[in-house]
There are 2 protein chains.
Amino acid sequence: MIRRQVIDPAFPQCPIRNVLARIGDRWTLLTLLVLDAAAQPLRFKELCQALPDVSQKMLASTLKALEADGLVQRQSYAEIPPRVEYVLTDRSRTLLPLLHPLVDWSHRHLDDILASRLRYAEQQAEAAE
Amino acid sequence: MIRRQVIDPAFPQCPIRNVLARIGDRWTLLTLLVLDAAAQPLRFKELCQALPDVSQKMLASTLKALEADGLVQRQSYAEIPPRVEYVLTDRSRTLLPLLHPLVDWSHRHLDDILASRLRYAEQQAEAAE
DNA sequence: CGGGATCCATTTAGATACTG
DNA sequence: CAGTATCTAAATGGATCCCG
């Protein structure tokens, strides 16, 4: 028995598709965690440095998506040189406590999962002979 | 201050990249939830039907990735016609309780998030004039 | 400094047809 | 039934240059 309203992809406003798909993308979750760990507003450049291999383009589009969803707030100051800071919102602060257990789970199970992947790859290689 | 070991993408075995990136893809989480909701082994075809718009190709590769990570177990029976069933594992059963709050959160905040997106899009349209 | 615009390489997804 | 193979379309990611 499936809880269709919650997980049915045919349900026009399937929450999983609309919400989790976004935090599941490559940089969104990482960005939220960096802001959370910093516990203070961060500038574009600081975020860029905290995520060593994000490109400016991807960080910019990630931040725009987060801002559109009301998960970060963008504060721009009319200064020279310009300064823009990003902060978590009340909405994202209700989300982060749910994300931490997931991060911890990943951390705890990483070694086992990597071992499983290796074993699986070996089995596939054997079967191919 | 950033908990580097946990979230640093430069950390060679960054758990977020290795684990969460995978469950964050388009079908993985949905597949796990369907198996969880079913509470019984499901055949390939049943999964295909539970996820109305997944293609065979995507379901097959999703299941292979889940199997490689030890998050589902594949049981194939030597029958004619062939029968293959997929079940959750002990490992994924420790993960699912962490996923449910996330699904609930998405469900509760979906309307607000969609409204935020709309407002954001309108503001962008205005600014473009 | 904080991006936007553009171009290009790579990856990913889907449709269709086919097989053990 | 449970997939694989192949081809194509589309989305994603990165590099570079430019601007307020």
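In what follows, chains carry the letters A, B, and so on, assigned in the order in which the sequence lines appear, proteins first and then strands, with residues in each chain numbered from 1. Only a predicted model underlies this, so the values are computations on that prediction, with no experimental measurement involved.
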Dump the pairs, protein N or O against N or O of nucleotides 8-13 of chain D, anything under 3.5 Å, distances to one decimal.
| unit_1 | atom_1 | unit_2 | atom_2 | d |
| --- | --- | --- | --- | --- |
| D:dG13 | O3' | A:Arg26 | NH1 | 3.4 |
| D:dG13 | N7 | A:Lys57 | NZ | 3.4 |

*asked:* What is the first contacted nucleotide of DNA chain C and what is the last, in 5' to 3' order, if contact means an atom lying under 4.0 angstrom from a heavy atom of chain B?
replied: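 Endpoints of the contacted stretch of DNA chain C: C:dA13 to C:dG20.
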_Show me the pairs that pass salt bridge (charged side-chain N to carboxylate O under 4.0 Å, His left out) and involve residues 37-49 of chain A, at least two apart or across chains._
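Applying salt bridge (charged side-chain N to carboxylate O under 4.0 Å, His left out) to every pair that reaches into residues 37-49 of chain A, excluding sequence neighbours, yields nothing.
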Can you measure from [atom1] ([X]) to [atom2] ([Y]) and round to the nearest 0.5 angstrom?
X	Y	atom1	atom2	value
A:Leu114	A:Arg119	CG	CZ	11.5 Å
A:Ile113	B:Leu95	CD1	CG	8.0 Å
B:Leu99	A:Leu102	CG	CG	6.0 Å

*Looking for any heavy atom pair under 4.0 Å, which part of the strands does B:Tyr77 touch: base, sugar-phosphate only, or nothing?*
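It contacts nothing in the nucleic acid.
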_Show the nearest heavy-atom pair for residues B:Thr94 and B:Leu98, with the distance to one decimal._
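B:Thr94 and B:Leu98 have their closest heavy atoms at O-CG, 4.0 Å.
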*For residues A:Leu42 and A:Ala38, report the shortest heavy-atom separation together with the two atoms involved.*
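Closest heavy-atom pair between A:Leu42 and A:Ala38: CD1-CB, 3.6 Å.
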_Angle between the two end axes of the helix from C:dC1-D:dG20 to C:dG20-D:dC1, five base pairs per end, rounded to 10 degrees?_
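End-to-end axis angle for the helix from C:dC1-D:dG20 to C:dG20-D:dC1: 50°, rounded to 10°.
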*Partner residues of A:Arg26 under the side chain to side chain donor-acceptor pair (under 3.5 Å) criterion, sequence neighbours left out*: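 By the side chain to side chain donor-acceptor pair (under 3.5 Å) rule, A:Arg26 matches no residue at all.
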_side chain to side chain donor-acceptor pair (under 3.5 Å) partners of A:Ser61, counting only residues at least two apart_ =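 In terms of side chain to side chain donor-acceptor pair (under 3.5 Å), with neighbours along the sequence ignored, A:Ser61 is linked to no residue.
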_Run the salt bridge (charged side-chain N to carboxylate O under 4.0 Å, His left out) test against A:Glu85 and tell me which residues pass, sequence neighbours left out._
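For A:Glu85 the salt bridge (charged side-chain N to carboxylate O under 4.0 Å, His left out) partners, ignoring immediate neighbours, are A:Arg83.
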_Suppose we screen for salt bridge (charged side-chain N to carboxylate O under 4.0 Å, His left out). Which residues come up paired with A:Arg22, at least two apart in sequence or across chains?_
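Salt bridge (charged side-chain N to carboxylate O under 4.0 Å, His left out) list for A:Arg22, sorted by chain: A:Asp69.
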_A side-chain contact here means heavy atoms from C-beta on lying under 4.5 Å apart; do B:Arg91 and A:Asp112 qualify?_
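Of all side-chain heavy-atom pairs linking A:Asp112 with B:Arg91, at least one is under 4.5 Å.
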*Considering only heavy atoms, which members of residues 59-74 of chain A lie under 4.0 Å from some atom of DNA chain D?*
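Output list: empty, so none.
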*Ignoring backbone atoms, establish whether B:Arg43 has a side-chain N or O less than 4.0 Å from OP1 or OP2 of D:dC1.*
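Result: no.
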*Which residues satisfy the side chain to side chain contact (heavy atoms under 4.5 Å, CB included) test with B:Leu63, sequence neighbours excluded?*
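Side chain to side chain contact (heavy atoms under 4.5 Å, CB included) list for B:Leu63, sorted by chain: B:Thr31, B:Phe44, B:Leu47, B:Leu59, B:Tyr86.
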*Who passes side chain to side chain contact (heavy atoms under 4.5 Å, CB included) against A:Ser92, sequence neighbours left out?*
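For A:Ser92, the residues satisfying side chain to side chain contact (heavy atoms under 4.5 Å, CB included) (neighbours in sequence not counted) are A:Leu32, A:Leu71, A:Leu88, A:Thr89.
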